[in-house]
Structures are given as C-alpha cells and as structure tokens.
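Take a look at the structure set out below.
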Amino acid sequence: MDKLDVKTLDTLLSTFGPSGNEEAVREFIESEIKDHVDELHVDTLGNLIAHKKGNGKRIMLAGHMDQIGLMVTYIDKEGFLRFTNIGGISPAVSLSQRVIFKNGTIGVIGSEHLENIKDLKLDKMFIDIGANSREEAERIISIGDVCGYFNAPVIDDQKVVSPSLDDRIGCYIMMETIKNIKESPNDLYFVFTVQEELGLRGAKTSAYQVEPDIGIAYDVTMTGDTPKARTMALKMGEGFAIKAKDNSMISHPGLKNYLVQEAKKQKVNYQIEVLEFGGTDSGAIHLSKEGVPSSVLSIPTRYIHSTCEMVSNKDVLGAINYSTKLLMTDFNF
Ligand code: CO
Ligand code: ZN
C-alpha cells in the first residue's frame with residue numbers, strides 16, 4: 001500500500017466516539033471489515049472482536065475506538081454548560097476550541113475572566129452552545145451528555161491532522177491490515193476496544209475473553225522532534241515505533257526482539273519507543289489471566305490529545321505494510 005484511503009480515514013476520524021459512546025465508530029468499522037473476516041462479535045462492554053481464523057498462535061491485535069471528551073455536569077441559568085473531563089483533557093488546549101455532541105450540537109469552550117492564564121483550570125471553563133437560558137439549553141443538551149473536540153480532518157500527501165487520531169489511526173492500520181491479509185497461519189483476533197482513555201477498560205475484558213498467546217496494541221505515542229520539546233528519541237516521519245516501555249507495561253523482551261528482527265528483515269524504517277508516561281491497551285492485555293507476552297506498535301504523533309494531532313503518512317503506511325507481513329510469520333521467539 002503506498003497511499004492512504006482518504007475517504008475511509010476521513011470518515012473514521014470524523015465519527016463521534018468519546019469513551020463509552022463508541023457505537024457509531026464501531027458500526028463504521030464493522031461495515032468496512034465485515035467481508036474480510038470470518039467472525040464479528042460485539043462483547044458486553046462494546047468491544048468489536050473481528051476473527052480471522054488460522055491454525056497457529058492466537059494473536060490479539062488491539063486499537064481503541066474511543067476518543068477523549070467532555071461530559072456536562074451542570075447547566076447554569078444563563079445556559080452555559082459546566083463539564084468534567086472524559087480522559088486526558090488539558091485546559092490550555094481546550095480554550096476557544098469547538099466541540100460536538102452526539103446530536104450534532106456544536107459548542108465553543110470559553111473561560112471565566114482570569115488575571116493570570118496560569119489559573120486556567122477546567123472548573124473555570126464552560127461550553128457555550130449559544131443558548132440564552134437554562135431552559136433553552138436543556139431543550140438540546142442534558143446533564144451527563146458527552147461531547148468531543150470538533151475539527152475537520154486534514155489529509156494531504158505528507159500528513160494527517162485531526163482530533164481523534166488517538167486512536168482512530170490505530171483502528172485504521174488494523175482495518176487496512178485486515179483487508180490486506182488474505183490468509184494467515186495465525187489465529188488473528190482484531191479487537192477494536194472501548195474506554196481506553198479511562199484506563200484500558202475494554203482491553204481488559206476482551207483479553208480475558210480472547211485468551212491470546214500474544215498481544216499487540218496499535219496506538220499513538222509522543223515525539224521529541226518539535227522546538228525545545230521534552231527529550232525523547234522519536235521523530236515523526238522516521239517510521240513507526242516498537243515500544244520498549246510506557247507506564248502501563250514493559251514489552252515482552254522476546255516479542256520485542258522478534259518485532260525488531262522482522263522490521264530489519266523487511267528493511268522498513270522503525271524506531272524504539274520509551275514513553276515516560278501514559279499507557280496503552282497492551283498494559284491491560286499483558287496482565288490478563290496468567291500473563292500474555294505483549295508489545296505495542298506506535299505511531300509518532302505530535303500534539304496528542306488536542307484538536308490537531310498530527311501524524312506522517314509514511315509512518316502510517318509503513319505500519320500497515322509491516323503489520324500485514326508480520327502477521328503472516330510464525331512468531332517463533
Ligand atoms: Co489518548
Ligand atoms: Zn490512545
């Protein structure tokens with residue numbers, strides 16, 4: 001594959017799916033992959049489990065469908081909405097951004113007047129949907145409603161810029177890999193998980209059910225390549241990353257070495273990732289039952305958890321082509 005499927009990716013990125021509200025994303029993914037898998041199953045929490053049967057090792061691939069969001073906690077008498085965070089929402093990144101609710105209502109995030117911008121906290125902020133009173137607001141929004149950042153995706157020849165790349169880009173890589181693999185010696189379970197941003201919840205229950213021999217998550221990771229960035233060895237555009245560690249896991253050394261050897265064999269660009277905070281679905285998978293050898297394939301991403309997360313097309317295409325070949329190998333390590 002040498003070009004992104006712009007239409008599919010654009011739809012995937014634009015679909016509403018804050019944690020706990022992944023139905024629309026799940027339906028879209030289902031419609032895209034249903035002709036390319038042997039079985040599709042939605043579990044109790046809402047994870048989509050796509051099975052491509054094979055006789056070899058049982059491998060669980062995981063990418064999370066959910067995105068970070070905001071939940072309405074209170075509507076004041078002027079019609080402004082107070083909110084709490086669903087996952088890692090930063091006040092600075094949220095100010096003056098647009099949000100969208102499930103029913104299509106668009107809001108803008110504003111703040112109380114502050115003498116010092118350092119005092120900007122989520123509890124000083126509100127969502128403005130243009131209503132003039134509580135009654136007017138309540139006609140379209142209720143306490144407990146959830147919204148996500150709203151910003152049209154940009155997909156050009158170099159890069160993708162969009163909210164929700166965390167982790168729709170992981171879902172996209174899995175979808176394309178599913179379409180590419182005609183037959184695999186391995187028993188492949190592609191799991192599109194829910195509620196990762198709230199603590200890897202969907203991965204936990206789906207791994208318990210799938211009982212994999214090996215687990216690999218697809219997710220975004222940070223970079224150290226912007227001006228005076230926090231020190232980190234990853235650069236956008238230099239290849240997907242094979243994880244050594246994050247705060248939720250240490251990659252299984254045998255599996256990690258196997259992933260590296262396969263990358264070398266395939267002569268593809270790859271980097272090694274050490275992420276000093278955050279976690280991914282593999283954090284839950286590797287602790288399932290008596291333990292599962294696990295690792296992560298990451299896409300170096302700038303401005304994670306913002307309205308304009310950015311990835312390089314090269315890294316995404318590299319990950320798709322690599323995964324396609326990788327999953328046909330015997331995973332002897
Ligand atoms: Co995230
Ligand atoms: Zn993620």
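Counting starts at 1 for both ligands and their atoms, following the listed order.
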Separation between CD (E22) and CD (Q195), nearest 0.5 Å, reads 6.0 Å
Taking 2.8 Å as the cut-off, does an N/O/S atom of E197 lie below it from the Co ion (ligand 1)? yes
Output for pair (M175 CE, E32 CD), nearest 0.5 Å, gives 4.5 Å
Here the gap from L70 atom CG to L122 atom CG, rounded to the nearest 0.5 Å, amounts to 7.5 Å
To the nearest 0.5 Å, atom OG of S294 lies from atom CG of D281 at 10.5 Å
| task | Measure from the Co ion (ligand 1) to each N, O or S atom of D219 and report whether any distance is below 2.8 Å. | result | no
**Prompt:** Does a side-chain N-to-carboxylate-O contact under 4.0 Å join R302 and D225?
**Reply:** yes
Note on the Zn ion (ligand 2): protein N/O/S atoms within less than 2.8 Å are H64 NE2, D166 OD1, D219 OD1, D219 OD2
With rounding to 10 degrees, D166 OD2, the Co ion (ligand 1) and H305 NE2 define an angle of 90°
- Would you confirm whether the ring centroid of H51 sits within less than 6.0 angstrom of the ring centroid of F190? no
Legend entry - Between D166 and H305, a side-chain donor and acceptor under 3.5 Å: yes
